[in-house]
Amino acid sequence: PRAAAMSPAATGRLTFARGLASSAPAEGGGDGGEFKVLAIDRSGLLGARTMALQDGLQHGDSEEGGTTVAKSAETPLLSEMKTIFATRGPLTLAEYFQMCLGHPEFGYYQRQRVFGKQGDFVTSPELTQIFGELLGVWTLATWAQCGQPSPFHLVELGPGRGTLMHDILRTAERFTSFVEGVTIHLVENSLQLRERQKEMLNVTLEPSEDSEDEKDLPVMARTAVKGRTATGIDVHWHWIVDTVPADAPIFCIAHEFFDAIPIHQFQHTERGWCEVLVDSAHDSNDPHHVKYVLCPSPSPSTLAYLGVDADTRRKFVETMPQEYREGDPEDQNDKGSTPTSPGLIIDPPVQRGKSGVPLEADPGIPMGVRIEAGPMRNVLMNTLAKKIDAAGGAALIIDYGEDHPQPFTLRGIKDHSFASPLESPGEVDLSAHVDFSSLRRVARQASSSLQIFPVVPQGAFLLNLNIEARTRALCENASDEQKEAIEQTVMRLVSEDQMGLLFKVLAITQPGIGAPAGFPEDADGGGKGIE
């Protein structure tokens with residue numbers, strides 16, 4: 001809605017969201033290789049939203065006589081959302097997710113402080129240098145397995161403050177052939193974080209040839225941004241993965257990146273699979289200014305991402321564990337979401353439609369079953385896999401999630417604690433668990449020759465990289481207090497009841513090099529289990 005008033009840099013940043021949404025492979029339908037472009041008519045959702053709210057009142061909400069609940073803080077982004085709600089109707093969950101994180105002016109990642117103790121959360125590279133050093137070992141070992149190509153591209157998706165890349169380069173700096181052959185590519189959409197990365201990597205920006213409409217923009221906001229580290233390594237920033245060159249082998253790291261890519265959610269109702277939307281919350285009892293509502297009938301997203309026929313959708317649902325397929329929303333909410341997202345159980349609106357003919361539920365699937373789909377993530381994975389297939393190299397993806405779809409995992413984090421995803425749009429970090437089975441399937445569809453390895457838990461991956469030996473070495477010259485802190489941090493990374501099991505690791509590599517470091521030597525790279 002603000003595109004006309006945005007600077008070229010702002011509209012360029014929005015290209016990221018538009019590019020992701022323009023062509024997304026189906027999650028469950030057909031051969032999965034077909035890319036579907038959606039053009040959604042929202043005009044009917046304005047009336048549908050009103051009907052949904054009326055139906056909500058029929059199901060027990062009351063605008064009179066109830067205790068007024070103090071709503072969460074209003075934000076500048078919320079004001080923009082209210083305009084959209086009033087003129088275009090509800091947002092899909094993916095659109096809400098994208099606006100909250102990526103809005104060029106009011107999005108979460110445009111804030112000054114996001115990571116670290118003074119931010120809202122701490123990532124593994126920020127916890128200890130050991131994590132980044134071990135990923136440096138993985139990068140060196142995989143590069144060597146691929147024949148030590150030169151030149152080559154080292155790519156990081158969502159580099160945060162640049163801490164991980166800093167530790168990787170520090171680990172590799174004594175390997176002359178690696179340093180002489182590498183070019184760094186950082187895919188980052190936040191101007192604030194780009195500046196932090198430049199400082200962390202000690203990059204001096206170089207003059208670039210800019211188009212006429214970008215000459216007055218800050219350097220870091222331009223389309224082509226490049227510089228050089230103090231050690232002579234070239235660094236390039238990109239708004240989207242597509243512009244990363246594939247003229248030389250690519251070694252890509254994506255740590256806690258895919259969880260921040262928006263997802264869609266669907267709920268099975270008597271009218272079929274209806275999409276979860278976000279709309280204004282007018283009831284005084286609602287704790288936030290926005291709330292979840294349910295599309296009154298299957299949306300284009302439903303058909304594109306879940307499949308066009310009931311059998312295809314059933315097979316997709318059956319990839320979830322049995323506990324999520326019982327149709328007990330209360331039970332699902334306990335297992336599939338954070339403690340801060342109760343009450344998502346959305347009553348479907350009564351049957352309405354221009355034709356008066358009700359849409360039908362899928363046979364054999366209980367009412368209330370929910371499922372998430374990540375088509376934007378699939379687009380990114382497809383692009384990355386095709387680049388590696390064409391140029392050689394490897395990708396390492398580390399994130400929290402499972403090797404199957406899940407029902408509801410959207411969560412918010414603020415001040416190092418869980419928060420409602422609906423609270424204060426633009427001021428709460430949003431993320432959702434990654435479905436690694438979908439990423440593996442898309443990578444295989446992109447290339448029949450790539451090695452695609454089964455996911456391993458982060459704890460096992462780090463232990464296979466000998467994190468224990470590195471921990472002992474780091475503790476040798478540390479004080480007792482420092483030793484205790486180091487050991488506790490490492491336990492947090494590898495322990496099954498902390499990050500060791502929740503976080504998973506996926507590797508895809510060029511063919512013929514065997515299992516990469518950190519994975520079992522007999523790991524099957526043929527993509528076993530990918531359907």
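Heads up: numbering here begins at 1 and tracks the sequence.
- Contact of the D399 side chain with the H255 side chain is not registered, since no non-hydrogen atoms from C-beta on lie closer than 4.5 Å.
- Under the side-chain contact (heavy atoms from CB on, under 4.5 Å) rule, F131 has a single partner from T163, D167, I398, L465, which is I398.
- Between the side chain of T383 and the backbone N or O of D242 there is no donor-acceptor pair closer than 3.5 Å.
- Distance check: I397 CD1 to L384 CG gives 6.5 Å after rounding to the nearest 0.5 Å.
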Let me see the working for L127 and L493 under side chain to side chain contact (heavy atoms under 4.5 Å, CB included), right down to the final yes or no. CA-CA 9 Å; L127 288 173; L493 292 175; 4.1 Å; yes
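- Contact record, I486 with C475: CG2-SG, 3.9 Å, taken as the closest heavy-atom pair.
- With hydrogens and angles left out, the side-chain atoms of E372 and Q265 include a donor and acceptor closer than 3.5 Å.
- The closest side-chain heavy-atom distance from P405 to S437 is below 4.5 Å.
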Please report the C-alpha distance between L157 and C252 in whole Å, then the side-chain angles of each, then the deciding distance to 0.1 Å, and finally whether the side chain to side chain contact (heavy atoms under 4.5 Å, CB included) criterion is met. CA-CA 8 Å; L157 308 182; C252 179; 3.8 Å; yes
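- Between the side chain of N464 and the backbone N or O of A460, at least one donor-acceptor pair lies under 3.5 Å.
- Side chain of R370 to backbone of Q267: no donor-acceptor contact under 3.5 angstrom is found.
- Looking at heavy atoms from C-beta onward, F97 lies out of side-chain contact with V278 at the 4.5 angstrom threshold.
- Here CG of L164 is found 10.5 Å from CE of M200. Values are rounded to the nearest 0.5 Å.
- Taken to the nearest 0.5 Å, the CD atom of E423 stands 10.5 Å off from the CG atom of L430.
- L439 and R377 make their closest contact through CD2-O, 4.0 Å (heavy atoms, listed as atom of the first residue, atom of the second, distance).
- For the atom pair CG of L502 and OG of S495, the computed distance is 11.5 Å after rounding to the nearest 0.5 Å.
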Tell me, with the steps shown, if L154 and M165 meet side chain to side chain contact (heavy atoms under 4.5 Å, CB included). CA-CA 9 Å; L154 179 56; M165 182 59 73; 3.7 Å; yes
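- The aromatic rings of H268 and W273 are tilted relative to each other, their planes meeting at an angle between 30° and 60°.
- Side chains of H433 and E402: a donor-acceptor N/O pair is absent below 3.5 angstrom, by distance only.
- For the pair F418 and V428, the minimum side-chain heavy-atom distance is 4.5 Å or more.
- The shortest side-chain heavy-atom distance between Q197 and R161 does not fall under the 4.5 Å cut-off.
- Side-chain atoms of W239 never come within 3.5 Å of backbone atoms of N189 as a donor-acceptor pair (strictly under, hydrogens ignored).
- No salt bridge links K198 with E188; every basic N to acidic carboxylate O contact stays at or beyond 4.0 Å.
- When all heavy atoms are compared, the tightest approach of P454 to F519 is O-CE2, 3.6 Å.
- A salt bridge between D429 and R411 is absent, with no side-chain N of the basic residue lying under 4.0 Å from a carboxylate O of the acidic one.
- In this structure, L77 and P425 approach most closely via the heavy-atom pair CB-O, 3.7 Å.
- No side-chain heavy atom of Y292 sits less than 4.5 Å from a side-chain heavy atom of L277.
- No hydrogens or angles considered: nothing links the side chains of D415 and S417 as a donor-acceptor pair under 3.5 Å.
- Residue-environment remark: CD (E496) stays at or below the threshold of 12 foreign heavy atoms within 6.0 Å.
- In this pair, F503 and Y400 present their aromatic rings perpendicular. The plane angle is above 60°, beyond the 30 to 60° band.
- Panel note: side chain K504, backbone L501; a donor-acceptor pair is recorded below 3.5 Å.
- Sorted by first and then second residue, the salt bridge (Lys or Arg N to Asp or Glu O under 4.0 Å) pairs involving residues 476-485 (not counting sequence neighbours) form an empty list.
- Note: F266 and Y305 have perpendicular aromatic rings, judged against thresholds of 30 and 60 degrees for the angle between ring planes.
- Here the closest non-hydrogen pair linking A517 and F461 is O-CE1, 3.6 Å.
- A donor-acceptor pair shorter than 3.5 Å cannot be found between the side chains of E173 and T231.
- Side-chain atoms of S190 and Y108 include no donor-acceptor pair closer than 3.5 Å.
- Considering OG1 of T409 and CD1 of I263, their distance stands at 6.0 Å, rounded to 0.5 Å.
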Can you check salt bridge (Lys or Arg N to Asp or Glu O under 4.0 Å) on R472 and E487, steps first, answer last? CA-CA 9 Å; R472 289 193 298 269; E487 291 170 351; over 6 Å; no
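- You'll find the side chain of L422 reaches within 4.5 Å of the side chain of Y96, heavy atoms only.
- Considering only residues two or more places apart in sequence or on other chains, R470 meets the side-chain hydrogen bond (donor to acceptor under 3.5 Å, both in side chains) condition with E133.
- Heavy-atom minimum distance, I508 versus A443: CG2-CB, 4.4 Å.
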Kindly determine whether F258 and L380 satisfy side chain to side chain contact (heavy atoms under 4.5 Å, CB included), including the steps that lead there. CA-CA 9 Å; F258 280 91; L380 285 164; 4.1 Å; yes
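- Using modelled atom types, no side-chain atom of S424 and backbone atom of E427 make a donor-acceptor pair closer than 3.5 Å.
- The one candidate from H236, H238, H185 that meets the ring-ring contact (aromatic ring centres under 6.0 Å, His included) condition with H153 is H185.
- Annotation: side-chain hydrogen bond (donor to acceptor under 3.5 Å, both in side chains) contacts of S79 (sequence neighbours excluded): none.
- Judged purely by atom type and a 3.5 angstrom limit, S438 has no side-chain atom pairing as donor or acceptor with the backbone of D435.
- The distance from the CG atom of L410 to the OG atom of S431 is 7.5 Å, given to the nearest 0.5 Å.
- Formation of a donor-acceptor pair under 3.5 Å by the E95 side chain with backbone atoms of T92 is found in this model.
- H264 is not listed as a side-chain neighbour of L93, based on a closest heavy-atom distance of 4.5 Å or more.
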